[in-house]
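The structure appears right after this line, and notes come after that.
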Amino acid sequence: MCNSQLLKILKGNNQIFCEVFICYTLGIHQSYFDMFRDGARKSLWQSAVKKYEGSLGSSQRYDVVIVGAGLTGISTAYRLQDQGLKCLLIEANNIGFGTTGGTTAHLNDFFDTSFEEAINKFGLENARLFAEAGKEAMQVFAANVSLHNIDCDFQRKDAELFAIDDDQVKELAKIFEGAQKIGYEMKYTEHTQFPIPSKKALLIPGQAQFHPLKYINALAEEFLKTGGTFVENCLYESHKETGDEVLLYTSQGKIRSSHVVFATHTPPGISLLHFTTAPYRSYAIAFTLKNGDYPHTLGYDLHDPYHYYRTHIVDGKKMIIAGGEDHKTGHTDDAGACFARLENYCRNFFDIDRVHYAWSSQYFEPADGLPSIGILPSSSGRAFVATGFRGNGMTFGTLSSAILTDMIMQRPNRFAKLFDPNRFKPTAGFTTFIKENASVIKDMIGDKITMDRISSLADVQPGEAKVVRHEGAAYAIYAESSGQRHVLKSTCPHAKCEVRWNNAELSWDCPCHGSRFNVNGKMLCGPSTKGLERLE
């Protein structure tokens, strides 16, 4: 069967699967898309990406260097600069290149870690503080929007959390009980706005949604207005703390600063946090409806992994954004099938007209359920980090700006101890800690043992992507349909794991700690600070 015949069959069955087939089998790779995010599939927000022309200058010293220009980095840079500090924001690619460019932009003050779970692990008072942290983040976000008149489609919304089967009904009851114990408002509702049959549902008022690129573009402009410096295409390579300063080494030269903040979703290099957080990918699609019956609330089910929904108008077109099918990064043989399953699941309930966008994004799961915001483990006190946000990156990224600003300016912050990156106690997340690190060890060793051995690099056929061993060395090879081969050393520079092919985003993903690379070896996201070596 030729490619055109197979394509016709696929197109009749599933729109997203068809698009993945086009990208992969027909050899259309990253450069074709002229992308501005860490994947080959365009997200709903990318038309709003702007380019910034800042440069490092010569011999400047800063109070704070912020690494990473997503929501966390830009929010923190803006807040620090507004407090009178001299700040530099550097980004390896462009604004919103990473998770912020791929988020579905829910803004919640209830979390993936339920309040009942927080009570069981950390006690009632810490669970109350956890809830207050969400309220604080919502206030910080709303204040930024109001103060600067930011046009980012910010809308307050009710959320609906619904149970599909009897087990989920029991889980929903525990979520409700936990909220009751700490005084967080939730109530049962008889009806939801979603055409998904449910047995029970909770209504949670006071949540929100927004356009992430519009928001961070506006904050970046405010950062620049107050004297901040923003440099894109500046890759962090390493740093060292020397007494009263931090020396940062980048692709554009050396930088001197009093402090550094890593807002890179996971810190670069090797850190304790790479053993207490694990990388996951989530999938999203945006579609129009034939019947025009769009929900006005945010929606979440209790599947594992769960599905989540909301409505947004982009370029005059109203669409539902649906997400789900999460899995650990590098732990699927067919990422394209995740899109297909998500689309098919939505078609069971929604009267879908057309799927306009489909993309995936990365987030990090903490072993004990709480994010890490504060001093980087092993730092003498001048390097800071924010990571482990689970599916609540927009909320915790915003909260990080407040916590880190207070810490750098040596002011007390009531949430700092709760989210201390050095807090980790095996009792709170022991099972998850063991499971995730056993998986890392298995991936690190297993892939090297089971790798295919080939006699020639030409054994990888057009349309294939494989990690193979040839003459004692390991290679990641992607062969376009034209026969052109992209040959890379397959060992991730971060911790020496072997990368795996992602056929949906056309990338090589590290299953151990989440570093990702394009077909030419360029680093898409850390914790690696180097790309994969390319062989001509």
Side-chain angles (χ1 to χ4, degrees), residues 30 35 37-40 67-68 70 72-73 91-93 97-102 234-239 250-251 262-282 326-332 335 360-366 372 376 385-389 393 436-437 439-448 451 465 467 474-478 486 488-534:
Q30 205 102 359
M35 304 309 288
R37 59 175 296 268
D38 62 349
V67 183
T72 304
E91 163 59 47
N93 295 283
F97 183 83
T99 300
T100 301
C234 182
L235 173 66
Y236 162 91
E237 295 172 346
S238 65
H239 80 278
T250 77
S251 59
F262 291 107
T264 50
H265 215 51
T266 186
I270 301 290
S271 166
L272 169 68
L273 294 174
H274 297 118
F275 300 95
T276 59
T277 58
Y280 279 74
R281 294 202 71 74
S282 189
D326 304 13
H327 62 79
K328 193 173 182 183
T329 299
H331 283 243
T332 180
S360 65
S361 190
Q362 191 143 293
Y363 65 95
F364 283 76
E365 288 275 359
S372 292
L376 180 71
V385 68
T387 188
F389 295 164
E436 296 293 4
N437 285 286
S439 173
V440 168
I441 294 170
K442 180 181 177 183
D443 295 334
M444 189 176 292
I445 297 171
D447 284 5
K448 296 180 188 297
M451 195 181 299
V467 175
Y475 300 96
I477 305 175
Y478 170 54
H486 303 266
L488 311 169
K489 290 289 186 69
S490 63
T491 304
C492 177
H494 175 245
K496 309 306 178 186
C497 294
E498 300 300 322
V499 296
R500 297 175 182 173
W501 179 242
N502 180 332
N503 66 344
E505 295 285 9
L506 304 187
S507 63
W508 294 104
D509 299 355
C510 177
C512 293
H513 302 106
S515 298
R516 299 179 56 248
F517 311 87
N518 76 3
V519 294
N520 292 317
K522 179 185 176 183
M523 188 191 76
L524 296 174
C525 63
S528 177
T529 58
K530 298 177 181 178
L532 298 178
E533 182 182 346
R534 182 178 180 182

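Below, each value reflects all heavy atoms present in this structure, side chains not excepted, and no hydrogens, waters or symmetry copies. One is the number of the first residue; the rest follow in order along the sequence.
- Across every non-hydrogen atom of Thr266 and Thr264, the tightest pair is O-OG1, 2.7 Å.
- Note on Arg516 versus Asp38: salt bridge recorded, some NZ/NE/NH1/NH2 to OD/OE distance being below 4.0 Å.
- Considering CG of Asp326 and OG1 of Thr332, their distance stands at 12.0 Å, rounded to 0.5 Å.
- Interatomic distance, Thr99 OG1 to Tyr363 OH, rounded to the nearest 0.5 Å: 11.0 Å.
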Apply the test side-chain contact (heavy atoms from CB on, under 4.5 Å) to residues Val385 and Leu273: give CA-CA distance (whole Å), side-chain angles for both, the deciding distance (0.1 Å), then the verdict. CA-CA 10 Å; Val385 68; Leu273 294 174; 3.7 Å; yes

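- Remark: side-chain polar atoms of Ser528 are not paired, donor with acceptor, to backbone N or O of Ser515 under 3.5 angstrom.
- When the salt bridge (charged side-chain N to carboxylate O under 4.0 Å, His left out) test is applied to Glu237, no partner is found at least two apart in sequence or on another chain.
- In this structure, Phe517 CZ and Cys510 SG are separated by 7.0 Å, a value rounded to the nearest 0.5 Å.
- Considering every non-hydrogen atom in both Glu365 and Tyr280, the closest pair reads CG-CD1, 3.5 Å.
- No side-chain heavy atom of Tyr475 sits under 4.5 Å from any side-chain heavy atom of Val467.
- When atom types are taken as modelled, the side chain of Glu505 and the backbone of Ser507 share no donor-acceptor pair closer than 3.5 angstrom.
- The residues Glu498 and Lys489 are annotated as not salt-bridged, no charged nitrogen and carboxylate oxygen being separated by less than 4.0 angstrom.
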Could you go step by step and tell me if Phe97 and Leu524 meet the side-chain contact (heavy atoms from CB on, under 4.5 Å) rule? CA-CA 9 Å; Phe97 183 83; Leu524 296 174; 4.0 Å; yes

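- Disulfide criterion (SG-SG under 2.5 Å) for Cys512 and Cys497: met.
- Between Tyr478 and His486, the two ring planes are parallel [angle under 30°; tilted spans 30° to 60°].
- A 4.5 Å side-chain heavy-atom check between Leu488 and Trp508 finds at least one atom pair inside the cut-off.
- In this structure, the side chains of Gln362 and Cys525 come closer than 4.5 Å at one or more pairs of heavy atoms.
- Considering all non-hydrogen atoms of both residues, His274 and His513 come closest at O-CD2, 3.4 Å.
- Distance check: Trp501 CH2 to Ser490 OG gives 13.5 Å after rounding to the nearest 0.5 Å.
- Here the shortest heavy-atom pairing between Asn503 and Ala335 reads OD1-N, 2.9 Å.
- Every residue meeting the ring pair (Phe, Tyr, Trp, His ring centres under 6.0 Å) condition with Phe262, not counting sequence neighbours, appears here in chain and number order: Tyr236, His239.
- Distance alone, capped at 3.5 Å, is enough to place a donor-acceptor pair between the Arg500 side chain and the Gly330 backbone.
- Of all heavy-atom pairs spanning Thr100 and Gly70, the tightest one is OG1-CA, 3.5 Å.
- Under the 3.5 Å distance criterion, the side-chain polar atoms of Asn520 are left unmatched by any main-chain donor or acceptor of Lys522.
- Atom OG1 in Thr329 sits 6.0 Å away from atom CZ in Arg281 (nearest 0.5 Å).
- Closest non-hydrogen pair, Leu235 versus Thr529, comes out as CD2-O, 3.8 Å.
- For His265 and Phe364, the ring centers are positioned less than 6.0 Å apart.
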